[in-house]
Amino acid sequence: MNSNLEKDKIIIIDFGSQVTKLIARRIREYSVFSDILTIKNLKKKDVFKNVKGIILSGGPSTVTKNSFLKIPKEVFDLNIPILGICYGLQLIVKHFKGKVKANIKKREFGRAILFKSKNSLLIKGFFNKNKCAVWMSHQDSVYKLPKGFSKIASTNESSMTIIENKQRNIYGIQFHPEVTHTENGNIIFKNFIFDICKAKKQWKLESEKTRIIKEIKNTVKKDKVICALSGGVDSSVVALLTHKAIGNNLKCIMVDTGLMRKDEFKFTYQIFRNKYKLNVKIIDASKIYFKKLKNIIDPEKKRKIIGSLFIKIFEKEAKTFKNVKFLAQGTLYPDVIESRSATGSKTSKIKSHHNVGGLPKKMNLKLIEPLKELFKDEVRELGDAIGLVKNISKKHPFPGPGLAIRIVGSITPEKVKILQAADYIFVQQLIKNNLYDKIWQAYAALLPVKTVGVMGDSRTYEYICLIRAVVSEDGMTADYFSFPKNFLDKISNKIINSVRGINRVVYDITSKPPSTIELE
Ligand code: XMP
């Protein structure tokens, strides 16, 4: 599945930075296709076909040691423009025989002010009165430029912050233009891809839609496909695209764990059945889920139980469909790039994410992953392009284990009902007050402590409802959302007045890190 080979593209060579993904996003925002590659990927045939520019990402390696991550020397001689970011800059300097030093005293993390020394195509329109706030994260610095390079800008701490070799079309920057904390960072990418690389705008979601549908058709032919439909954006877009390609040879299974938001499963089922006329089967598994989760407190145990039960039910159901050869699932581009490490290191596991996608390994089905080249926001846009209703295409992410990880401690049907009611009020109010689309993810959770309250003249002893709303770009980091005060008052009032079982509402004001987005 790769007609993207034919498009002008910018490749990003990943040295393991946490923010490499964002580079690809920034470029695609300018309608130019971009792909993230590991050093190993560079050996593949045709890898430089239609490549108009190469970006070397940041990363934890250091060129000041004897052994460090590098790319084949020939890449520098391909006559393709190169932009090195952070570690990428240092690698360029090292390759062309300049000097980079580890500077323990002069580390730069966070915001820095950049001063312009000279004009360059790369910085056209970037500076405001020769100054700009940028985001830094480095310890090594360039202290001697290689021959043929000149300095374009510097900060107080690092004198060679932007450099260029105009003749060879090679550029390096020490800061991270891909993060939003860098003012006008996108202008650097715009200049690089259009003025320096001369790339054409050939990345259109509209053409992705046609490409994907055609490819599903060609792959599946007359066979049958199953898909686990949850009603989240990814599985909904996969189901609709596949249905457009092969009609009723697609069967969707919806496993109702009883741990979804209020009315959500019914809504999804009705939309897909009645509006889109898909072949959908709903399985009510809530009783068995509640039974298996009874008295389970440990978050990891909860996740494991939910995940493995899901596989069992899904496998059993899938067997009732004859001649199924494919499983369609909503793997996204970030999932693909996160599963292949640039540096070989594995980050420590914080939570075992259960996702409907990627589950039934033993089923002997071939995978169809139509979204594997797309970012979440591109999937939303694609959803809009294929007529997905806005309440699904704009929906906040919802975790596979559902409300189970938003009820801290043991789970009972009664607690789920209480939480569903509170969460419904919160989300409806966000929508009504035009706040929903400004927030990346918002939900209500139930804390396992009861506290004393007074209602009317009576004492109450009920649960605490925690509400959480975060802004984020990809869920890896997040900040809490600043609500207008009267909105929080309103939410607290509405929840307490209408949900039996809750007598206190608190707002979670932690960012990620140190917290995570979900409570468990
Ligand atoms: P955390 O809590 O790890 O969440 O900061 C980051 C994002 O991932 C979602 N999340 C999950 N998604 N299966 C999923 O499909 C899971 O098990 C799971 N756990 C967390 C979370 O809602 C947030 O968007």
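Counting convention: from 1, in listed order, for ligands and their atoms alike.
Within the listing of ligand 1, atoms 1 (P), 3 (O), 5 (O), 6 (C) sit less than 4.0 angstrom from a heavy atom of Lys512. Ligand-side atoms of ligand 1 in range of Arg303: 16 (C), 17 (O), 18 (C), 19 (N), range being under 4.0 angstrom from any heavy atom. Taking a cut-off of under 4.0 Å to the non-hydrogen atoms of Thr516, the atoms of ligand 1 that pass are 1 (P), 2 (O), 5 (O).
In terms of polar-atom proximity, Arg406 is not counted as a contact of ligand 1, lacking any N or O under 3.5 Å from an N or O of the ligand. Backbone and side-chain nitrogen or oxygen atoms of Gly400 are examined, and one is located within less than 3.5 angstrom of a nitrogen or oxygen of ligand 1. The distance criterion of under 3.5 Å between nitrogen or oxygen atoms is not met by Pro401 with respect to ligand 1.
Between Tyr436 and His396, the gap from one ring centroid to the other is short of 6.0 Å. Taking the ring centroids of Tyr507 and Phe483, they lie under the 6.0 Å cut-off.
Contacts with ligand 1 closer than 4.0 Å are made by side-chain heavy atoms of Pro397 only, the backbone lying farther away. Looking at Trp440 against ligand 1, only its side chain comes within 4.0 Å, counting heavy atoms.
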Before giving the answer on side chain to side chain donor-acceptor pair (under 3.5 Å), spell out for Gln441 and Glu518 the whole-Å C-alpha distance, their side-chain angles and the decisive distance to 0.1 Å.
-> CA-CA 10 Å; Gln441 192 168 9; Glu518 301 293 344; 3.3 Å; yes
Mind running side chain to side chain contact (heavy atoms under 4.5 Å, CB included) on Leu388 and Tyr276 for me, showing each step along the way?
-> CA-CA 9 Å; Leu388 183 63; Tyr276 301 122; 4.1 Å; yes
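Exactly one of Asp234, Asp335, Asp474 qualifies for a salt bridge (charged side-chain N to carboxylate O under 4.0 Å, His left out) with Lys376. That residue is Asp234. Under the side chain to side chain contact (heavy atoms under 4.5 Å, CB included) test applied with Ile55, the options Ile27, Ile13, Asp14 reduce to a single match, Ile27.
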